[in-house]
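Note sheet for the following structure.
First listed ligand is number 1; within each ligand, the first listed atom is number 1.
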Amino acid sequence: MTRTLITGGAGFIGSHLAEALLSRGQHVTVIDDLSTGSLDNIRHLVGHERFRFAIETIGNEMVLDRLVSECDVIFHLAAAVGVQLIIQNPARTIETNVMGTEAVLKAALRYRAKVLVASTSEVYGKSERVPYSEGDDITLGPTSRSRWAYAASKMVDEFLALAYQREHDLPVVVFRLFNTVGPRQTGQYGMVIPRFVQQALAGQPLTVYGDGSQTRCFCNVRDAVRAIVGLSETPQAVGQVFNIGSTEEVSILEVAQRTLALTQSRSAAAGDPIRLVPYAEAYTEGFEDMLRRVPDINKIGRAIGWQPTIPLDETLQQVIEHYRS
Ligand code: UDP
């Protein structure tokens, strides 16, 4: 039986991962400082005989060391997330992401635990050549724009993880999550789908940034978790980087329209159900949004036979049900 540790396990993706690992018969320990995670996400797991959690930061070396000493596989998800949060707290983003990953890798090396490091599609930066493949060159914006600190910090994480693998033969796998959605994701840090669903259910206009023609591919969290678990169980994945995302490309305006239709929202009652918000107002002056973001998922397909299975409308339904209950 595998003993697993999930850093950031009280977060949106971490809590779904904890469920999946428990249902596979594994032991799951969560460490989370609840900075963006929430006890509500894991409350239903408390009391499970193979589940335990520590409300603690991964910056606490003693606690981290003990938890790592008791596990075989670490899923390192603890990080500063969400574009809005990153723009508001650039220093914290860089520190959390870089120092946190360093602490996890150092501890893993002491006990030779396998580490799966969560990265992000943000590392593809502002490239306009989609779909994005793992071996693509990367172009970021200038350091004067905080937005790029997130991508750069996650790139350092990836470099560090791969260096531990090469220099110390530590088994690591890096996965880059593209837009991931599902129940329990909060709109508090800017994520578009929970925001749209909450706005629609409250009868408020949906805030579409820019002209809404920018596109994304939204992957259901259950599909994403299945990919992460698959990578953790595949020895050939070690030392490699994988994209995890959906290839169903949709414009943000269309997401807004589908959300309105599926919720049968009253947003229209008060006038236009969609409000176009200029980027400068939504984020900061000079904010650069990615026009398209599409993953190439051939590599993970070849490695573990993974493909996303849940269409966006079904995911939207799940999120709507989550907020309705
Ligand atoms: N977005 C939007 N309205 C919102 C929040 C986000 O139109 O209330 C847009 C955002 O500008 C981006 C897309 O939705 O183009 C996805 O944003 P999110 O923060 O969910 O993820 P990102 O792709 O930016 O990491």
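- A salt bridge does not link K154 with E158: every distance from a Lys NZ or Arg NE/NH1/NH2 to an Asp or Glu carboxylate oxygen is 4.0 Å or more.
- For atom 13 (C) of ligand 1, the nearest non-hydrogen atom of the protein is I252 CD1, 3.6 Å.
- Counting only heavy atoms of the protein, atom 23 (O) of ligand 1 lies nearest to R216 NE, 2.6 Å.
- The pair E19-R222 fails the salt-bridge criterion, with no side-chain N (NZ, NE, NH1 or NH2) lying under 4.0 Å from an Asp/Glu carboxylate O.
- When heavy-atom distances to ligand 1 are checked against a 4.0 Å cut-off, N179 comes that close only through its side chain, counted from C-beta outward.
- Closest protein heavy atom to atom 8 (O) of ligand 1: R195 NE, 2.7 Å.
- When only non-hydrogen protein atoms are considered, atom 24 (O) of ligand 1 lies nearest to V83 CG2, 3.7 Å.
- Contacts of V192 with ligand 1, taken as heavy-atom pairs under 4.0 Å, involve both backbone and side chain.
- For R176 and Y124, the positive end sits near the middle of the six-membered ring, less than 6.0 Å away and at most 45° from its axis.
- Under the 6.0 Å cut-off for aromatic ring centres, F287 and Y209 do not qualify, their centroids lying 6.0 Å or more apart.
- Polar contact check, Q214 against ligand 1: a nitrogen or oxygen pair lies under 3.5 Å apart.
- Looking at T207 against ligand 1, both its backbone and its side chain come within 4.0 Å, counting heavy atoms.
- Side-chain polar atoms of Q307 and D223 form no donor-acceptor pair below 3.5 angstrom.
- Residues D65 and K106 are not paired through a salt bridge, judged by the lack of any N-O separation under 4.0 Å between the basic side chain and the carboxylate.
- Taking the charged nitrogens against the carboxylate oxygens, E288 and R145 do have a contact shorter than 4.0 Å, which makes a salt bridge.
- Neither the backbone nor the side chain of M290 has a heavy atom within less than 4.0 Å of ligand 1.
- Summary of contacts: the protein heavy atom closest to atom 19 (O) of ligand 1 is G190 O, 3.5 Å.
- Residue contacts with ligand 1, taken as heavy atom pairs separated by less than 4.0 Å, do not involve F218 at all.
- Close approach to R293 involves these atoms of ligand 1, each under 4.0 Å from a residue heavy atom: 22 (P), 23 (O), 25 (O).
- Of the protein's heavy atoms, Y209 N, 2.7 Å lies nearest to atom 7 (O) of ligand 1.
- The closest approach between any non-hydrogen atom of Y283 and ligand 1 is below 4.0 Å.
- Here's the thing with Q199: none of its N/O atoms is less than 3.5 angstrom from an N/O atom of ligand 1.
- S15 and R184 form a side-chain donor-acceptor contact under 3.5 Å, judged by distance and modelled atom types alone.
- At the top of the distance list for atom 15 (O) of ligand 1, counting protein heavy atoms only, stands D289 OD2, 2.6 Å.
- Between R24 and E233, at least one side-chain nitrogen of the basic residue sits less than 4.0 Å from a carboxylate oxygen of the acidic one, meeting the salt-bridge criterion.
- Listed by atom number, the atoms of ligand 1 under 4.0 Å from V208 heavy atoms are 7 (O).
- The OH atom of Y279 sits 7.0 Å away from the CG atom of D211 when rounded to the nearest 0.5 Å.
- A salt bridge links R275 with E281: at least one charged nitrogen is closer than 4.0 Å to a carboxylate oxygen.
- Below 3.5 Å of separation, one finds no N or O of Y279 facing any N or O of ligand 1.
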